[in-house]
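Okay, structure first, notes after.
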Amino acid sequence: DQQVKQNSPSLSVQEGRISILNCDYTNSMFDYFLWYKKYPAEGPTFLISISSIKDKNEDGRFTVFLNKSAKHLSLHIVPSQPGDSAVYFCAASGSTGGGNKLTFGTGTQLKVEL
Amino acid sequence: DAGVIQSPRHEVTEMGQEVTLRCKPISGHDYLFWYRQTMMRGLELLIYFNNNVPIDDSGMPEDRFSAKMPNASFSTLKIQPSEPRDSAVYFCASRPGGARGYTFGSGTRLTVV
């Protein structure tokens with residue numbers, strides 16, 4: 001059972017525009033969420049995170065929004081750049097029980113076109 | 001720090017052969033994780049260790065898979081016998097206690113023919 005879902009396998013955006021990547025989760029025990037970015041032939045690298053006590057976290061061009069009632073989070077990239085083309089994974093963890101492990105989604109391939 | 005180091009980067013083997021994947025975590029990180037990446041399931045957790053002790057191996061697909069961590073600086077994931085459906089990219093990751101995010105290695109791409 002997929003507890004973290006990324007329903008869009010791919011997304012194509014023009015350079016300079018906003019990219020919005022979405023993620024849904026089912027486990028109400030999740031209280032910490034992360035986004036990882038992955039280039040081909042490399043391991044995933046941490047991008048940005050958010051705790052459930054917040055609804056927004058911003059880091060430069062990257063902003064993550066969390067809607068706890070809807071069990072939904074999104075990653076906004078503004079403005080999008082060609083170097084942002086990669087696979088983006090959403091991940092979640094809980095502070096109790098499985099708090100030591102991250103549950104990942106299936107990823108969204110972002111392509112930023114010139 | 002050199003980061004999480006995995007070897008080999010690529011492995012091609014014949015069905016039925018034993019395969020061993022290796023991982024060196026970042027020094028001082030007391031959690032180590034093995035993940036497998038597939039198109040259908042994304043990144044799925046196979047097993048993780050805390051202070052060299054296996055904590056949760058519920059993601060290990062079947063008895064053909066085994067993992068060990070003999071010391072704080074080395075872990076192996078073994079598949080015996082290997083099957084074509086084991087073909088995937090296998091990642092090792094580590095983190096210090098108290099942190100919520102991991103550092104991943106570059107992965108091992110396994111192809112079983």
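In the text below, chain A, chain B and the rest are named by the order of the sequence lines, each starting its count at 1.
- In the displayed structure, Lys68(A) atom NZ is contacted under 6.0 Å by more than 12 heavy atoms of other residues, nucleotides or ligands.
- Proximity to chain B is limited to the side chain of Gln2(A), based on heavy atoms less than 4.5 angstrom apart.
- No more than 12 heavy atoms of other residues, nucleotides or ligands sit less than 6.0 Å from atom CG of Asp63(B).
- For the atom pair Phe46(A) CZ and Phe104(B) CZ, the distance stands at 12.0 Å (nearest 0.5 Å).
- Contacts of Asn50(B) with chain A are absent, with no heavy-atom separation under 4.5 Å from either backbone or side chain.
- Scanning both residues, Arg100(B) and Asp31(A), for their nearest heavy atoms gives NH2-OD1, 2.8 Å.
- Closest approach of Phe89(A) to Gln37(B), counting heavy atoms only: CZ-NE2, 3.6 Å.
- Dense packing is recorded around CD of Glu62(B), with more than 12 heavy atoms of other residues, nucleotides or ligands lying under 6.0 Å away.
- Only the side chain of Leu45(B) comes within less than 4.5 Å of a heavy atom in chain A; its backbone stays farther off.
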Steps toward side-chain contact (heavy atoms from CB on, under 4.5 Å) verdict (Thr106(A), Arg41(B)): CA-CA 6 Å; Thr106(A) 51; Arg41(B) 301 178 68 86; 5.6 Å; no

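- Taking hydrophobic clusters as Ile, Leu, Val, Met, Phe, Trp and Tyr residues chained together by side-chain heavy-atom distances below 4.5 Å, Leu47(A) does not share a cluster with Phe65(A).
- We find the CZ-OH distance between Phe104(A) and Tyr35(B) to be 5.0 Å, quoted to the nearest 0.5 Å.
- Around the NZ atom of Lys24(B), the shell of radius 6.0 Å holds no more than 12 heavy atoms that belong to other residues, nucleotides or ligands.
- Under the 4.5 Å side-chain heavy-atom criterion for ILVMFWY residues, a single connected hydrophobic cluster contains both Ile77(A) and Val112(A).
- Contact check for Ser106(B) versus Glu42(A): no side-chain heavy atoms found under the 4.5 Å cut-off.
- Interface remark: Glu44(B) contributes no atoms to any contact with chain A (heavy atom separation under 4.5 Å).
- For Arg109(B), no part sits under 4.5 Å from any heavy atom of chain A, backbone or side chain.
- For the atom pair CG of Leu43(B) and NZ of Lys38(A), the computed distance is 8.5 Å after rounding to the nearest 0.5 Å.
- The two residues Leu34(A) and Gly101(B) make their nearest non-hydrogen contact at CD2-CA, 3.7 Å.
- If you chain together hydrophobic residues whose side chains sit under 4.5 Å apart, Ile47(B) and Val19(B) fall into the same group.
- Side-chain heavy atoms closer than 4.5 Å link hydrophobic residues (I, L, V, M, F, W, Y) into clusters, and following such links, possibly through other members, connects Leu32(B) to Ile79(B).
- Heavy-atom neighbours of Arg9(B) CZ from other residues, nucleotides or ligands within 6.0 Å: above the threshold of 12.
- A donor-acceptor pair is defined here as one N or O able to donate and one able to accept, closer than 3.5 Å; such a pair exists between the side chain of Tyr36(A) and the backbone of Tyr102(B).
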